[in-house]
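Each remark here refers to the structure printed beneath this line.
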Amino acid sequence: MADVEVDNAHQENLKLSKMKKKVLRKQIKAQHTLMRHEGIECISHTTQNLVIANGGLGNGVSRHQLLRLVEECGLVEALLMPPNKPYSFVKYGTTEEAKKAYDALNGKELILEDTSHTVILYVNFVRKVHWEDIMPTNLPPGLKVVDEFVSPEEERMMLESIDWTGDEVIQNAQKSLKHRRVKHFGYEFRYDNNNVDKDKPLLGGIPEICNMLLEKCLRQEYIKHKPDQLTVNQYEPGQGIPPHIDTHSAFEDEILSLSLGAEIVMDFKHPDGCTVAVMLPRRSLLVMAGESRYLWSHGITPRKFDIVQASEGRKVGTIAADTGDLTLNKRGTRTSFTFRKVRRSPCNCTYPSVCDSQQDQQKERTPMFAGNETAAAKLEQEYVHKVYEEIAAHFSSTRHSPWPKIVEFLRALPEGSIVADVGCGNGKYLGINKGLHMVSNCVFLILVAVVC
Ligand SMILES: [Zn+2]
């Protein structure tokens with residue numbers, strides 16, 4: 001009997017050590033991934049600070065759930081959850097508490113509250129908890145978000161006025177795009193050339209129900225001209241729209257977008273790589289004018305949860321870079337009414353790098369390839385525009401990780417060095433070493449901006 005007991009104990013020990021080995025292997029793998037993709041160095045001695053791999057907003061872990069877990073091990077001084085990342089940082093009051101959390105949480109299975117999916121946490125010590133604030137807290141210049149612009153009653157009526165079913169009427173062509181449902185009024189918006197047929201207005205124009213709202217916008221001087229084109233988009237949770245700038249030659253300056261049914265986070269990007277996430281509350285009006293309309297791209301990331309401020313009271317406007325106050329918010333069905341005024345003369349904005357009107361004029365002045373222009377434009381449309389349109393969101397989201405060798409190189413340069421980042425992608429190296437003067441050409445950013 002004694003032998004059997006010893007044997008069982010031995011088996012148990014074996015099983016335990018096998019599990020421990022597996023956790024150790026995964027923990028080391030997490031260390032390498034953090035170093036390789038994020039430049040985060042894990043260390044072997046105890047500190048007050050931990051990095052929790054798989055415990056990030058990017059894994060679907062909510063701030064609420066993680067905070068409860070880490071607080072069980074001691075007094076938490078800070079819990080930083082960077083947006084979209086698969087890890088978090090936690091800082092404890094003492095190294096003893098951090099060690100306790102390390103022992104308790106490394107290899108721990110966590111069932112996510114919102115989705116019932118499971119993640120396994122891998123915990124490592126880091127020297128300090130820091131996250132470079134990549135998102136400025138100011139709105140892009142020219143952007144406004146007006147809270148509660150319509151009443152719940154007006155919202156209901158506007159939503160009911162859109163008939164998504166049995167849309168055989170040719171005038172208001174409904175497009176079931178891959179990412180969302182779309183309907184056009186006033187003028188059809190063409191996705192093949194991102195422009196409107198200016199000589200072919202649709203019968204019926206903009207629905208009567210929108211008039212009051214547009215008059216209010218004129219009175220409050222959000223717009224100079226009354227819009228004559230309306231695009232209604234309906235986004236289910238998980239759907240989005242790739243980053244784009246509304247074609248300059250197609251529409252005048254001010255663009256209005258009313259959010260109905262649910263709130264959503266819209267991402268604005270400057271060509272230099274700077275990103276601002278803006279909360280558009282339900283029933284709010286977004287006004288894009290000037291720089292925010294002409295130079296910044298805007299888009300909605302296809303996902304089921306948005307990253308938002310955890311604390312109440314700061315609903316409208318930017319999602320601050322305060323990574324100590326971010327959590328996940330489940331999306332609902334959002335219907336947007338986007339009003340634009342069709343442009344009748346070429347755009348002469350002050351942003352020629354993203355202005356199709358001014359680029360066309362430039363081409364006319366340099367007739368080198370004049371004969372081939374149509375053929376070249378076709379080729380470009382087929383092999384560049386279409387491809388980028390398809391892959392833009394994925395392309396951008398997969399190019400966020402700096403290469404460690406390049407991070408190492410940039411960090412080693414003396415302060416004040418001038419660096420040209422040619423083919424910089426989405427500008428992921430811009431913030432690595434603040435002491436450098438970085439110049440980027442941002443080919444990709446411009447492509448994303450112009451094309452989509
Ligand atoms: Zn322009």
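All values derive from a computational prediction rather than experimental measurement.
- Between C349 and Q358 the shortest heavy-atom distance is O-NE2, 2.8 Å.
- Contact check for Y222 versus E254: no side-chain heavy atoms found under the 4.5 Å cut-off.
- Between Y235 and I241 there is a side-chain heavy-atom pair separated by less than 4.5 Å.
- With R331 contributing its side chain and R303 its backbone, the two residues share a donor-acceptor pair below 3.5 Å.
- The side-chain contact (heavy atoms from CB on, under 4.5 Å) with Q234 is formed by just one residue from the set V182, L260, T335; it is T335.
- Not a single donor-acceptor pair under 3.5 Å links the side chain of S357 to the backbone N or O of P346.
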### Task
Would you sort out whether R293 and F251 count as a side-chain contact (heavy atoms from CB on, under 4.5 Å), showing the intermediate values?
CA-CA 10 Å; R293 179 262 182 270; F251 303 108; 3.7 Å; yes
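- Atom-to-atom distance recorded for M158:CE and R283:CZ is 13.0 Å, nearest 0.5 angstrom.
- How far NE2 of H32 is from NZ of K29: 11.5 Å, rounded to the nearest 0.5 Å.
- With contacts defined as side-chain heavy-atom distances shorter than 4.5 Å, the pair K269/T275 qualifies.
- Of all heavy-atom pairs between P227 and I206, the closest is O-CD1, 3.6 Å.
- Between the side chains of Q65 and S62, no donor-acceptor pair is found at a separation under 3.5 Å.
- Remark: the N195 side chain and the T247 side chain contain no N/O donor-acceptor pair separated by less than 3.5 Å.
- Checked by atom type and distance alone, the side chain of S257 never pairs as donor or acceptor with a backbone atom of L286 at under 3.5 Å.
- Looking at T333 and P237, their side chains come closer than 4.5 Å, going by heavy atoms from C-beta outward.
- The nearest pair of heavy atoms linking S353 to Q359 is O-NE2, 2.9 Å.
- Counting heavy atoms of neighbouring residues, nucleotides and ligands inside a 6.0 Å radius, atom CD of E160 exceeds 12 of them.
- With sequence neighbours excluded, the residues satisfying side-chain contact (heavy atoms from CB on, under 4.5 Å) with D228 are Y187, K341, V342.
- Between the side chains of N233 and T338, no donor-acceptor pair is found at a separation under 3.5 Å.
- Considering NZ of K144 and CD of Q220, their distance stands at 10.0 Å, rounded to 0.5 Å.
- Using a 3.5 Å distance cut-off with no hydrogens or angles, the side chains of D246 and H298 do pair a donor with an acceptor.
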### Query
Between R343 and E252, does a side-chain contact (heavy atoms from CB on, under 4.5 Å) hold up when you go through it step by step?
CA-CA 5 Å; R343 191 188 281 279; E252 292 284 347; 3.8 Å; yes
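- Classification of the F339-F337 ring pair by plane angle, with boundaries at 30° and 60°, yields tilted.
- Note that the CG atom of L218 and the CD atom of E215 stand 6.0 Å from one another [nearest 0.5 Å].
- Rounding to the nearest 0.5 Å places CG of D272 at 8.5 Å from CG of L295.
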### Task
Assess whether side-chain contact (heavy atoms from CB on, under 4.5 Å) is satisfied between I300 and R180, documenting all intermediate values.
CA-CA 11 Å; I300 294 170; R180 60 198 191 274; over 6 Å; no
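- E153 is linked by a side-chain hydrogen bond (donor to acceptor under 3.5 Å, both in side chains) to R156, counting only residues two or more places apart in sequence or in another chain.
- Looking at K200 and E188, no side-chain N of the basic residue comes within less than 4.0 Å of a carboxylate O on the acidic one, giving no salt bridge.
- Residues L139 and S292 are not in side-chain contact: their nearest non-hydrogen atoms beyond the backbone lie 4.5 Å or more apart.
- With hydrogens and angles disregarded, no donor-acceptor distance shorter than 3.5 Å links the side chain of E41 to the backbone of M35.
- Between L79 and F89, the closest side-chain pair of non-hydrogen atoms is not below 4.5 Å.
- In terms of heavy-atom proximity, P82 sits nearest to L57 at O-CD1, 3.9 Å.
- Using a 4.5 Å cut-off on side-chain heavy atoms (C-beta onward), P207 and L230 make contact.
- Remark: K216 NZ is packed, more than 12 non-hydrogen atoms of other residues, nucleotides or ligands lying under 6.0 Å away.
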### Query
N54 and K26: side-chain contact (heavy atoms from CB on, under 4.5 Å), yes or no, with the steps?
CA-CA 11 Å; N54 291 346; K26 296 275 185 119; over 6 Å; no
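- In terms of heavy atoms, S259 sits closest to L280 at OG-CB, 3.7 Å.
- With 3.5 Å as the limit, one finds a donor-acceptor pair spanning the side chains of N211 and K226.
- The closest side-chain heavy-atom distance from Y122 to I28 is not below 4.5 Å.
- Within a 6.0 Å radius of NZ in K330, other residues, nucleotides and ligands contribute 12 heavy atoms or fewer.
- Checked against the 6.0 Å centroid criterion, the rings of H184 and Y191 qualify as a close aromatic pair.
- Between the CD atom of Q31 and the CD1 atom of I40 there is a distance of 12.0 Å, given to the nearest 0.5 Å.
- A donor-acceptor pair under 3.5 Å is absent between the side-chain atoms of N329 and the main chain of V308, judged by distance alone.
- Formation of a donor-acceptor pair under 3.5 Å by the N49 side chain with backbone atoms of K91 is not found in this model.
- Here the shortest heavy-atom pairing between V61 and L328 reads O-CD1, 3.7 Å.
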